[in-house]
Amino acid sequence: VLLVGPGNVYIQNAFAFLPNVELYGATAEQYAATTGKELFDLIVFDGFLPQELPRKPILAFAPPQTSALGVVNGTLNSFGMGQPAADDPLLRGVDLTRLHIAKTQSIDLPEWARPVIPGSDGPLLYAGLLEAQPTVVFAFDIRQSDLPLQVAWPIMISNIAGELLGVGPQQVLDPLSPSSPLEIPIPPDSLGVRVTLPDGTVEQLTPGATGASSVTFVTTRQLGIYRAEVIAAPAPSLAPGATPTPTPSPTASPNPSASPGASPSPGAIPGTQDAPLLFAVDLFSAEESNIRPGDGARITSLGADVPDEGVEAGTARDEFWPLLVALALLFLLIEWLVYERDGARRILNGIRRGNLFAARRAAGRRGSSG
């Protein structure tokens, strides 16, 4: 991966921690003289775009001028952010509910792109195929937002790198329950599969038959992330007298402003393919562990429809809990009267005697006055 720009520690660290990625850096002035650009699998432009875009997968941040990536209309300091596409592969496992952006470029959505994070005056993030090359564009400078400070940032970069480098969503499987078997596909000419368990132990599987297209992995009792790597067949030896062809390496100089964490990360295990298969084993299904609140606006809109003329709107059912409360209180009163029947009888007799005494006193007063 070649990063072109003034130096951005957030981008550097995010890519440096990805597996099988070697990160190189160049400034905008050095880009034109950088040799071996055709050897890179991904080129990242941070606040800079060359006059001619490379025929490579591109990740661009805040494009400064109009190009094939989109028409730039200027900078916006006031704008609105729309609802991100929840099912977009770039936002897999990403929570953007607390994202704040200070300013962004106003870019018209190109015909080749899909909006990932829509905005009121143009998309904030979009992706697609530009001349058959996967491309992702951030309309804003991430340093003008709080995205790099959130957990969503490294997850988003991992998803973006997966799309731009050809590791699609099929390389990440849905979680499995413990002790569930898994069929791991392999090329016909491979030697087997090396599986790294969550505790770091490694288990090697060999196909049961020559030319088998898959192997079965059953040691899924541990909870955590598993990594399966196909063991490729050894390359054929050179004929006598032949000389090996040296493999070219990128000659771009590392960015002088790169942090120590931006050093190239270690590559894949020797003898394995570069695209590992990742899967998780946990105790929960995706439906059970999804605690994201529902869409309140959609619930509110259910009662916003105005009924047609001549059709009466339905009435809500009357609540009957007050009747149940009254019956419960009546039952408790009867139970109390039965339990305190002796005391209740004395109270009733006292009330009767009191009324009798009052009637006698009233009669006596009337007799004395006559």
Inset, instruction - Might you work through the side-chain contact (heavy atoms from CB on, under 4.5 Å) test for Ser190 and Val230, ending with a clear yes or no? - result: CA-CA 7 Å; Ser190 61; Val230 176; 3.6 Å; yes
Side chain proximity check, [X] to [Y], heavy atoms < 4.5 angstrom:
{"X": "Thr27", "Y": "Pro6", "value": "no"}
{"X": "Tyr126", "Y": "Pro110", "value": "yes"}
{"X": "Trp153", "Y": "Leu147", "value": "yes"}
{"X": "Ile351", "Y": "Asn349", "value": "no"}
{"X": "Leu278", "Y": "Tyr226", "value": "no"}
{"X": "Ile225", "Y": "Pro198", "value": "no"}
{"X": "Leu39", "Y": "Tyr24", "value": "no"}
{"X": "Met81", "Y": "Leu99", "value": "yes"}

Does the [X] side chain pair with the main chain of [Y], one donor and one acceptor, at a distance under 3.5 Å?
{"X": "Ser145", "Y": "Ile101", "result": "no"}
{"X": "Ser106", "Y": "Leu76", "result": "no"}
{"X": "Thr75", "Y": "Gln105", "result": "no"}
{"X": "Thr66", "Y": "Val71", "result": "no"}
{"X": "Thr34", "Y": "Gln30", "result": "yes"}
{"X": "Gln222", "Y": "Asp199", "result": "yes"}
{"X": "Thr216", "Y": "Glu183", "result": "no"}

Kindly give the heavy-atom pair with the smallest separation between [X] and [Y], and that separation in Å.
{"X": "Phe79", "Y": "Lys103", "result": "CE2-CA, 3.7 Å"}
{"X": "Val94", "Y": "Ala152", "result": "CG1-CB, 3.6 Å"}
{"X": "Ala62", "Y": "Asp141", "result": "CB-N, 3.7 Å"}
{"X": "Arg98", "Y": "His100", "result": "O-ND1, 2.9 Å"}
{"X": "Val136", "Y": "Ala127", "result": "CG2-CB, 3.8 Å"}
{"X": "Pro84", "Y": "Pro118", "result": "CA-CD, 4.1 Å"}

Mind checking the [atom1]-[atom2] spacing from [X] to [Y]? Nearest 0.5 Å is all I need.
{"X": "Leu53", "Y": "Leu49", "atom1": "CG", "atom2": "CG", "answer": "6.0 Å"}
{"X": "Leu23", "Y": "Phe40", "atom1": "CG", "atom2": "CZ", "answer": "9.0 Å"}
{"X": "Leu337", "Y": "Leu348", "atom1": "CG", "atom2": "CG", "answer": "10.5 Å"}
{"X": "Gln150", "Y": "Ile155", "atom1": "CD", "atom2": "CD1", "answer": "10.5 Å"}
{"X": "Leu91", "Y": "Leu96", "atom1": "CG", "atom2": "CG", "answer": "5.5 Å"}
{"X": "Phe331", "Y": "Leu333", "atom1": "CZ", "atom2": "CG", "answer": "11.5 Å"}

Legend entry - Any side-chain donor near an acceptor of the partner, Asn8 and Gln12, under 3.5 Å: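 Checked: Asn8/Gln12 side chains show no N/O donor-acceptor pair below 3.5 Å.
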Legend entry - Polar side chain donor-acceptor pair, Gln144 to Thr104, under 3.5 angstrom: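 No, no side-chain donor-acceptor pair sits under 3.5 Å.
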Inset, instruction - Return the set of residues passing salt bridge (charged side-chain N to carboxylate O under 4.0 Å, His left out) with Arg346 (not counting sequence neighbours), or none when no residue passes. - result: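 Listed in chain order: nothing, the list is empty.
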Legend entry - Over 12 foreign heavy atoms within 6.0 Å of CD, Gln51: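 No - once you tally the heavy atoms of other residues, nucleotides and ligands closer than 6.0 Å, there are 12 at most.
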Legend entry - Over 12 non-hydrogen atoms of neighbours within 6.0 angstrom of OH in Tyr10: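 Not buried by this count: 12 neighbours or fewer within 6.0 Å.
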Legend entry - Residues that Phe138 engages under ring-ring contact (aromatic ring centres under 6.0 Å, His included), provided they are two or more places apart: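 Expected list: Phe61, Phe140.
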Among residues two or more places apart or on two chains, list those pairs meeting salt bridge (Lys or Arg N to Asp or Glu O under 4.0 Å) that have a residue in [range].
{"range": "residues 330-342", "answer": "Asp342-Arg345"}
{"range": "residues 105-128", "answer": "Asp88-Arg114, Arg114-Glu163"}
{"range": "residues 24-46", "answer": "Asp46-Arg143"}

In one Ile/Leu/Val/Met/Phe/Trp/Tyr side-chain cluster, 4.5 Å: [X], [Y]:
{"X": "Val151", "Y": "Leu149", "result": "yes"}
{"X": "Leu330", "Y": "Val338", "result": "yes"}
{"X": "Phe279", "Y": "Leu223", "result": "yes"}
{"X": "Trp321", "Y": "Leu329", "result": "yes"}

Inset, instruction - Apply side-chain contact (heavy atoms from CB on, under 4.5 Å) to Arg194 and Val202, showing your working. - result: CA-CA 7 Å; Arg194 181 183 290 115; Val202 177; 3.2 Å; yes
Inset, instruction - For Ser158, check side-chain contact (heavy atoms from CB on, under 4.5 Å) against everything at least two apart and list the hits. - result: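 Leu18.
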Legend entry - Worked verdict on Phe45 versus Leu69 for side-chain contact (heavy atoms from CB on, under 4.5 Å): CA-CA 11 Å; Phe45 294 108; Leu69 299 182; 5.8 Å; no
Inset, instruction - Run the numbers on Leu129 and Thr135 for side-chain contact (heavy atoms from CB on, under 4.5 Å), then give the verdict. - result: CA-CA 6 Å; Leu129 292 177; Thr135 304; over 6 Å; no
